[in-house]
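Step one of this worksheet: look at the structure below.
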Amino acid sequence: NLPINDSEVYARYASGKTLGMFQVESSLMTHYSKLIKTNCFDDISALISLCRPGPLDSGMADFFVEGKNGNIKEAICPEVEPILRSTYQVLVYQEQLMKIVIKLGNYTFGEADGLRKIVGRKELDKINEATEIFISKAVDNGISLEAATELGRQIKACGRYIFNASHGLLYAYMSYMTAWFLTHYNKEYMCSVLNSFINKQDKSLPYITEYKDIILP
């Protein structure tokens with residue numbers, strides 16, 4: 001039952017000192033955490049969800065960074081704007097994908113979930129066909145070909161990996177817990193981390209180097 005609004009914890013994310021924290025230890029995560037200037041729980045969830053092959057290759061991760069820093073990209077079309085408002089007009093989660101195809105393509109909930117499964121399972125052989133079907137349905141529903149095609153491009157990119165929101169939020173909370181302990185019980189936490197590498201000196205060295213002020217006061 002940790003307080004979820006701890007400014008010291010978010011400052012750690014924003015500073016890039018994330019070694020030892022769940023899901024955000026890699027240099028890529030550290031890089032984007034600093035760019036996003038992580039300062040709230042939703043930022044952690046988005047960070048974990050965006051640093052995946054699809055969002056990175058499609059440029060959506062960089063669009064999110066721009067949006068978080070005040071340069072929000074224009075909505076692809078008016079119908080999409082409220083669906084993607086909370087993520088700066090960037091498609092981040094499977095649930096957003098479902099809402100888009102329901103709204104723009106008149107998909108049933110079952111059909112939208114079927115597309116979600118194809119994307120979530122990374123069934124690349126089926127995604128191209130599913131995308132063309134969506135574009136056709138969206139155009140028939142009055143959406144411009146340009147907007148439908150761009151959304152189709154993003155759906156294809158999602159096929160390389162896209163989180164559902166519940167997964168992203170759970171990972172974010174687990175990450176936040178590790179960050180909270182590292183911030184407020186740093187000696188105890190780093191002792192636990194180092195114990196997990198007790199017979200693997202090569203893996204423990206990066207932690208000792210980054211946190212030598214904690215480990216070797």
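Below, each value reflects all heavy atoms present in this structure, side chains not excepted, and no hydrogens, waters or symmetry copies. This one's a predicted model, so the numbers in the text were calculated from it and none came from an experiment.
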Check ion pair E150-R153 (N to O, under 4.0 angstrom): yes
Hydrophobic cluster membership, L28 vs V92, 4.5 Å side-chain cutoff: yes
Minimum heavy-atom distance K34-A14, with the two atoms named: CG-O, 3.4 Å
Step-by-step side chain to side chain donor-acceptor pair (under 3.5 Å) determination, T87 to Y93: CA-CA 9 Å; T87 51; Y93 301 113; over 6 Å; no
Residue pair S175 / Y13: nearest heavy atoms and the distance that separates them: OG-OH, 2.7 Å
I4 with V24, same ILVMFWY side-chain cluster at under 4.5 Å: yes
Check against side-chain contact (heavy atoms from CB on, under 4.5 Å), K203 and I198: CA-CA 9 Å; K203 290 190 176 182; I198 201 161; over 6 Å; no
Residue pair T183, Y189: steps toward the side-chain contact (heavy atoms from CB on, under 4.5 Å) verdict: CA-CA 9 Å; T183 300; Y189 187 75; over 6 Å; no
Any donor-acceptor N/O pair, N71 side chain to E66 backbone, under 3.5 Å: no
Min side-chain heavy-atom separation Y10-I44 under 4.5 Å: yes
Heavy-atom side-chain contact between Q23 and C51 under 4.5 Å: no
Qualifying residues under salt bridge (charged side-chain N to carboxylate O under 4.0 Å, His left out), relative to K103, sequence neighbours excluded: none
Verify same cluster id: F109, V101 (apolar side-chain graph, 4.5 Å): yes
Crowding at NZ, K17 (>12 non-hydrogen neighbours, <6.0 Å): yes
Same apolar cluster: I127 and M60, side chain cutoff 4.5 Å: no
Pairwise side-chain contact, R12 with W180, heavy-atom cut-off 4.5 Å (strictly under): no
NZ/K37: more than 12 non-hydrogen atoms of other groups inside 6.0 Å: no
Nearest heavy-atom neighbours spanning G105 and N141: N-ND2, 4.5 Å
N199 atom CG, neighbour heavy-atom count above 12 within 6.0 Å: no
Between CG on residue L97 and CZ on residue F134, distance to nearest 0.5 Å: 8.5 Å
Residue pair V119 / C158: nearest heavy atoms and the distance that separates them: CG1-O, 3.4 Å
Expected output: side-chain T38 to main-chain D43 donor-acceptor under 3.5 Å: no
Salt-bridge criterion met for K137 and E111 (N-O under 4.0 Å): yes
Donor-acceptor contact present, side-chain S33 to main-chain T30, <3.5 Å: no
Closest non-hydrogen atom pair, T178 against G20: CB-O, 4.3 Å
Side-chain heavy-atom pair D113, T108 within 4.5 angstrom cut-off: no
F64 and Y32 aromatic centres sub-6.0 Å: no
From L169 atom CG to N164 atom CG, the distance as rounded to the nearest 0.5 Å: 9.0 Å
Validation row, ring centre F63 to ring centre Y88 under 6.0 Å: no
Separation between CG of N186 and CD of E188, rounded to the nearest 0.5 Å: 7.0 Å
Any donor-acceptor N/O pair, S45 side chain to D42 backbone, under 3.5 Å: no
Nearest non-hydrogen partners of E25 and M21, listed with the distance: CG-O, 3.2 Å
Sidechain N-carboxylate O distance under 4.0 Å for E81, R85: yes
From CD1 (I100) to CD1 (I83), nearest 0.5 Å: 5.5 Å
Test log, rule side-chain contact (heavy atoms from CB on, under 4.5 Å), inputs L182 and M190: CA-CA 7 Å; L182 179 55; M190 287 313 303; 3.7 Å; yes
Pairwise distance CE(M174) to CE(M177) - rounded to 0.5 angstrom: 6.0 Å
Sub-4.5 Å side-chain heavy-atom contact between L47 and M29: yes
Same apolar cluster: L35 and F41, side chain cutoff 4.5 Å: yes
Beyond-backbone contact of Y176 with F22, side-chain heavy atoms, under 4.5 angstrom: no
Residues Q89, I76; criterion side-chain contact (heavy atoms from CB on, under 4.5 Å); working and verdict: CA-CA 8 Å; Q89 299 306 313; I76 295 172; over 6 Å; no
From I155 atom CD1 to L91 atom CG, the distance as rounded to the nearest 0.5 Å: 7.5 Å
Distance-only donor-acceptor check, side chains Y171 and S49, under 3.5 Å: no
Heavy-atom side-chain proximity of I143 to I135 below 4.5 angstrom: no
Side-chain heavy-atom pair Q94, F163 within 4.5 angstrom cut-off: no
